[in-house]
**Q** 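Take a look at the following structure, please.
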Amino acid sequence: MSFIADYYNYWIVVFLMMTGFYIVISASNLVKKVVGLNIFQTSVFMLYISMGKVKGGTAPILTEGAAQYSNPLPHVLILTAIVVGVATTAVALSLIVRIKEEYGTVEENEFEKKDDAI
Amino acid sequence: MELLIDLVLLAMLALTALRIIFLKDLFAVVMLFSIYSFLSALIFINLDAVDVAFTEAAVGAGISTVLMLGTIAITGRTETPPTKSKLLPLLIVVVTGAALIYGTLDMPPFGHADNPVHEHVAPRYIEESPKEIGLPNMVTSVLASYRGFDTLGETVVVFSAMIGVLSLLRLRKRDADKNPESGIKAHRVLQVIAKIVIPMIILFALYVQFHGDFGPGGGFQAGVIAAAAFILYALVFGLSNVFKVVGPKFLRILAVFGVLLYAGVGVYSMAMGGNFLDYNYLAENPLSGQHYGIILIELGVGITVFAVMLSIFYAFDSQIERANIQ
């Protein structure tokens with residue numbers, strides 16, 4: 001039981017990462033691919049935050065009577081990563097909008113037919 | 001108890017992600033992704049990362065969802081059935097996943113206080129930062145002071161994302177003026193509620209901005225929440241109306257101002273005889289110098305993030321309105 005509790009978070013992280021990866025390589029719609037990338041990204045966030053957790057610790061804000069704090073460093077790294085993540089997602093989505101304007105489709109399997117037209 | 005919540009929430013997260021694979025309706029995919037973000041925010045709270053949870057709830061569930069909905073409004077909401085075989089992707093994913101699971105067995109067990117991550121700089125941050133920086137929130141201390149240079153870099157990345165989006169999607173004021181009837185004019189209830197809620201959202205954003213030194217919050221979260229207030233206004237009352245309050249040109253100036261304010265604090269501390277972004281030299285007393293420095297750079301971050309998020313939304317929304325006119 002303790003073996004499962006020790007590694008459960010990491011296994012879920014791997015599962016989520018592979019789900020995101022599968023969506024990225026199997027979906028043909030570009031918006032869905034971006035959702036897949038975001039799932040992949042969130043799984044990395046989850047890995048960092050899981051590593052920062054200390055059993056019996058509290059949030060890293062100074063309070064009286066708290067003996068143990070969780071590690072604040074992963075929190076800082078991931079906090080900024082989330083905001084940068086949404087900024088890059090916005091760039092990806094605007095590229096998709098431009099692709100739709102130029103090619104009339106955002107389905108990967110339909111571009112292949114249109115390649116000759118360029 | 002904490003462990004039980006962790007088990008259940010992570011299982012729900014895995015199920016939500018699994019469901020996204022099989023859905024063909026992109027509207028449902030985006031909504032499930034929003035739920036996914038909210039669930040991750042809950043897990044972050046359970047893992048003691050309150051600041052991260054705050055950001056994930058505002059950014060992942062709020063802004064990302066709006067932008068993705070904006071995109072599928074232009075590109076269409078159903079995915080065509082794939083022509084390629086699913087077998088090869090599945091095989092690749094299973095093999096990679098199995099290798100990674102094997103790899104996790106070498107990881108230090110979850111939650112132990114003597115894991116390598118907690119050994120090196122972390123004890124210094126936890127024990128010394130309240131004395132050196134004088135703030136109870138260690139995340140803010142590390143973000144704004146110890147790793148201030150890093151955060152400046154992140155702010156510049158967010159700023160350059162705005163440049164990228166604006167150069168890909170045209171954003172002109174007269175495009176919005178052509179279509180003054182946009183927005184949800186027919187919904188009386190939405191309009192009344194929005195008018196009551198918007199001031200409260202802005203007030204909350206200001207609280208998060210200036211209380212971030214003492215509790216969860218800070219410039220990143222406050223900027224996103226403030227942008228959400230204006231996004232709500234734009235969605236309900238139309239783009240041409242929100243342009244009368246904050247125009248796109250003004251936002252560009254704001255975004256630049258935020259980055260320059262941040263970098264300016266760094267240059268000023270150099271002029272006062274310290275290193276770049278060394279707040280100890282900003283005042284006679286190093287502790288109050290740290291205070292001034294952190295308040296100023298958090299303000300710079302908040303202003304930039306607000307301006308960037310809102311500009312990106314404007315760019316998407318004006319694209320949708322152009323698509324509607326044509």
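Side chains included, hydrogens not; waters and symmetry mates left out as well; all remaining heavy atoms used. Note on naming: letters A, B, ... go to the chains in the order of the sequence lines (proteins, then strands), and numbering restarts at 1 for each one.
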**Q** In terms of heavy-atom proximity below 4.5 Å to chain A, should I72(B) be classed as side chain, backbone, both, or neither?
**A**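 Side chain only.
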**Q** Over all heavy atoms of both residues, which pair between Q221(B) and L79(A) is shortest? Give the atoms and the distance, please.
**A**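 Between these two residues, the closest heavy atoms are NE2-CD1, 3.9 Å.
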**Q** Going by an N to O cut-off under 4.0 Å, is there a salt bridge joining R322(B) and E101(A)?
**A**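 No, R322(B) and E101(A) are not salt-bridged.
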**Q** Out of V157(B), V29(B), I101(B), which one racks up the most heavy-atom pairs below 4.5 Å with chain A?
**A**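 Most pairs with chain A among the choices: I101(B).
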**Q** Testing L169(B), V165(B), L168(B) one by one against L95(A) for a side chain to side chain contact (heavy atoms under 4.5 Å, CB included), which residue passes?
**A**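 The option that passes is L168(B).
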**Q** Under a 4.5 Å cutoff for heavy-atom pairs, which residue among I43(B), L88(B), V301(B), I20(B) has the most contacts with chain A?
**A**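 Looking at each option in turn, the highest pair count goes to I20(B).
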**Q** Side-chain contact, heavy-atom cut-off 4.5 Å: M309(B) with V86(A)?
**A**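 Side chain of M309(B) against side chain of V86(A), heavy atoms only: contact under 4.5 Å found.
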**Q** For each of F21(A), F45(A), W11(A), tally heavy-atom pairs with chain B at distances under 4.5 Å, and name the one with the top tally.
**A**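 Of the candidates given, the most pairs with chain B belong to W11(A).
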**Q** For the residue pair M138(B) and L62(A), establish whether any side-chain heavy-atom pair is separated by less than 4.5 Å.
**A**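 Contact flag for M138(B)/L62(A) side chains = yes.
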**Q** Pick one of side chain, backbone, both or neither for V224(B), based on which atoms fall under 4.5 Å of a heavy atom in chain A.
**A**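 Looking at V224(B), nothing touches chain A.
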**Q** For each of G36(A), G52(A), G20(A), tally heavy-atom pairs with chain B at distances under 4.5 Å, and name the one with the top tally.
**A**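 When all of G36(A), G52(A), G20(A) are compared, G52(A) has the most.
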**Q** At a 4.5 Å cut-off on heavy atoms, which part of V139(B) comes close to chain A: side chain, backbone, both, or neither?
**A**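 Both backbone and side chain of V139(B) come within 4.5 Å of chain A.
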**Q** Quick one: does F33(B)'s side chain get under 4.5 Å of I39(A)'s, heavy atoms only?
**A**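 In short, these two side chains touch, coming nearer than 4.5 Å.
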**Q** Give the minimum heavy-atom separation between Y36(B) and L16(A), together with the two atoms involved.
**A**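 In terms of heavy atoms, the two residues are closest at OH-CD1, 3.7 Å.
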**Q** Select, from V50(B), L10(B), V158(B), the one with the greatest count of heavy-atom pairs under 4.5 Å involving chain A.
**A**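 Going by pairs under 4.5 Å, I would pick L10(B).
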**Q** Test of understanding: with side-chain contact (heavy atoms from CB on, under 4.5 Å), list the residues that count as partners of H211(B), not counting sequence neighbours.
**A**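 With neighbours one apart ignored, the set is Y207(B), F214(B).
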**Q** Who among N38(A), V13(A), T89(A), L30(A) has the most heavy-atom pairs with chain B under 4.5 Å?
**A**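 Heavy-atom pairs under 4.5 Å are most numerous for N38(A).
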**Q** Where is the tightest heavy-atom contact between Y125(B) and P72(A), given as atom of each residue plus distance?
**A**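 Distance-wise, the nearest heavy atoms are CB-CG, 4.3 Å.
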**Q** Counting only non-hydrogen atoms closer than 4.5 Å, does L26(B) touch chain A with its backbone (N, CA, C, O), its side chain (CB onward), both, or neither?
**A**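 Just its side chain gets close to chain A.
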**Q** Dump the intermediate steps for side chain to side chain contact (heavy atoms under 4.5 Å, CB included) on L47(B) and N9(A), then the final yes or no.
**A** CA-CA 11 Å; L47(B) 296 176; N9(A) 277 43; 4.2 Å; yes
**Q** Give the member of A161(B), P136(B), S160(B) that has the highest number of heavy-atom pairs under 4.5 Å with chain A.
**A**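 Going by pairs under 4.5 Å, I would pick P136(B).
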**Q** Taking atom CG of L87(B) as the centre, does the number of heavy atoms from other residues, nucleotides or ligands within less than 6.0 Å exceed 12?
**A**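 No, because the 6.0 Å sphere around CG of L87(B) holds 12 heavy atoms or fewer from other groups.
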**Q** Given side chains that start at C-beta, do those of S50(A) and F110(B) come closer than 4.5 Å, heavy atoms only?
**A**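 Yes. Closest side-chain heavy atoms under 4.5 Å.
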**Q** Check each atom of Y8(A) against the heavy atoms of chain B and say whether the ones under 4.5 Å are side chain, backbone, both or neither.
**A**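 Side chain only.
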**Q** Heavy-atom distance under 4.5 Å to chain A: side chain of E56(B), backbone, both or neither?
**A**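 Contact with chain A: backbone and side chain both.
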**Q** May I ask you to name which of T58(A), I78(A), T88(A) has the most heavy-atom pairs under 4.5 Å with chain B?
**A**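 Top count of heavy-atom pairs under 4.5 Å with chain B: T58(A).
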**Q** Among V305(B), N115(B), D6(B), who wins on heavy-atom pairs under 4.5 Å with chain A?
**A**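 Result: the option with the highest number of such pairs is D6(B).
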**Q** Quick one: does N71(A)'s side chain have a donor or acceptor within less than 3.5 Å of a partner on V117(B)'s backbone?
**A**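 Side chain of N71(A) to backbone of V117(B): a pair is present.
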**Q** Kindly compute the distance separating OH (Y69(A)) from NE2 (H118(B)), expressed to the nearest 0.5 Å.
**A**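 Between atom OH of Y69(A) and atom NE2 of H118(B) there are 15.5 Å.
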**Q** For Y48(A), does the OH atom sit with more than 12 other heavy atoms under 6.0 Å from it, leaving out its own atoms?
**A**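 No - once you tally the heavy atoms of other residues, nucleotides and ligands closer than 6.0 Å, there are 12 at most.
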**Q** Under 4.5 Å between any side-chain heavy atoms of V76(A) and D150(B), yes or no?
**A**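 Of all side-chain heavy-atom pairs linking D150(B) with V76(A), none is under 4.5 Å.
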**Q** Between I49(A), V91(A), I25(A), which shows the greatest number of heavy-atom pairs under 4.5 Å with chain B?
**A**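 Maximum pair count with chain B is reached by I49(A).
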**Q** Do you know the tightest heavy-atom contact between P60(A) and N137(B)?
**A**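 Closest heavy-atom pair between P60(A) and N137(B): O-OD1, 3.8 Å.
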**Q** Quick one: pull up CD1 in I63(B) and CD1 in I82(A) and give me the separation to the nearest 0.5 Å.
**A**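 Answer for the CD1-CD1 pair, I63(B) versus I82(A), is 13.0 Å.
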**Q** I need the S94(A) OG to L67(B) CG distance, nearest 0.5 Å.
**A**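 So the OG of S94(A) and the CG of L67(B) are separated by 9.0 Å.
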**Q** Verify side chain to side chain contact (heavy atoms under 4.5 Å, CB included) between M18(A) and L100(B), making sure each step is shown before the conclusion.
**A** CA-CA 10 Å; M18(A) 288 305 111; L100(B) 286 174; 3.5 Å; yes
**Q** After noting the C-alpha distance and the side-chain angles of K33(A) and E79(B), does the key distance pass the salt bridge (charged side-chain N to carboxylate O under 4.0 Å, His left out) rule?
**A** CA-CA 11 Å; K33(A) 272 186 201 283; E79(B) 185 191 18; over 6 Å; no
**Q** Looking at residues at least two apart in the chain, or sitting in another chain, which of them share a side-chain contact (heavy atoms from CB on, under 4.5 Å) with F15(A)?
**A**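 Here the qualifying residues are T19(A), A14(B), L18(B).
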**Q** Does any part of the side chain of P216(B), heavy atoms only, come nearer than 4.5 Å to the side chain of I61(A), both counted from C-beta?
**A**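 They are in side-chain contact.
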**Q** With a 4.5 angstrom heavy-atom cut-off, is it the side chain or the backbone of L93(A) that approaches chain B, or both, or neither?
**A**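 Both the backbone and the side chain of L93(A) come within 4.5 Å of chain B.
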**Q** Report the C-alpha distance between F44(B) and M46(A) in whole Å, list the side-chain angles of each, state the deciding distance to 0.1 Å, and finish with yes or no for side chain to side chain contact (heavy atoms under 4.5 Å, CB included).
**A** CA-CA 8 Å; F44(B) 290 149; M46(A) 207 62 78; 3.7 Å; yes
**Q** Can you give me the closest heavy-atom contact between S70(A) and D48(B), atom names plus distance?
**A**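 Closest approach of S70(A) to D48(B): OG-OD2, 2.7 Å.
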**Q** Heavy-atom distance under 4.5 Å between the side chains of V83(A) and E154(B), does that happen here?
**A**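 V83(A) vs E154(B): side chains apart.
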**Q** Any donor and acceptor pair, going by atom type alone, linking the side chain of K32(A) with main-chain N or O of K24(B) inside 3.5 Å?
**A**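 Judged by distance alone, no pair lies under 3.5 Å.
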**Q** Given the options T80(A), V106(A), L73(A), which has more heavy-atom pairs under 4.5 Å with chain B than any of the others?
**A**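 Among T80(A), V106(A), L73(A), the one with the most close pairs to chain B is T80(A).
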**Q** For the atom pair OG1 (T104(B)) and CG (L47(A)), what is the distance rounded to the nearest 0.5 Å?
**A**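 Separation between the atoms: 10.0 Å.
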**Q** Please classify the contact between I45(B) and chain A as side chain, backbone, both or neither, with a heavy-atom cut-off of under 4.5 Å.
**A**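 Neither part.
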**Q** Quick one: CG on L105(B) to OH on Y10(A), what's the gap to the nearest 0.5 Å?
**A**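 Separation between the atoms: 11.5 Å.
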**Q** For A11(B), is it the side chain, the backbone, both, or neither that has a heavy atom closer than 4.5 Å to a heavy atom of chain A?
**A**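 Both backbone and side chain.
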**Q** Using 0.5 Å steps for rounding, measure from the NE2 atom of H75(A) to the OG1 atom of T140(B).
**A**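 Going from NE2 on H75(A) over to OG1 on T140(B), the span is 12.5 Å.
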**Q** How far apart are the closest heavy atoms of K100(A) and T75(B), and which atoms are they?
**A**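 That closest heavy-atom pairing would be NZ-O, 3.7 Å.
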**Q** Is the shortest heavy-atom distance from the side chain of E2(B) to the side chain of K53(A) under 4.5 Å?
**A**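 A side-chain contact exists here, since the closest heavy-atom pair is under 4.5 Å.
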**Q** Sort out for me which of P130(B), P109(B), A113(B) touches chain A most, counting heavy-atom pairs under 4.5 Å.
**A**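 When all of P130(B), P109(B), A113(B) are compared, P109(B) has the most.
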**Q** For the backbone of M107(B) and the side chain of Y7(A), can you confirm whether one donor and one acceptor N or O come within less than 3.5 Å of each other?
**A**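 Checked: pair present.
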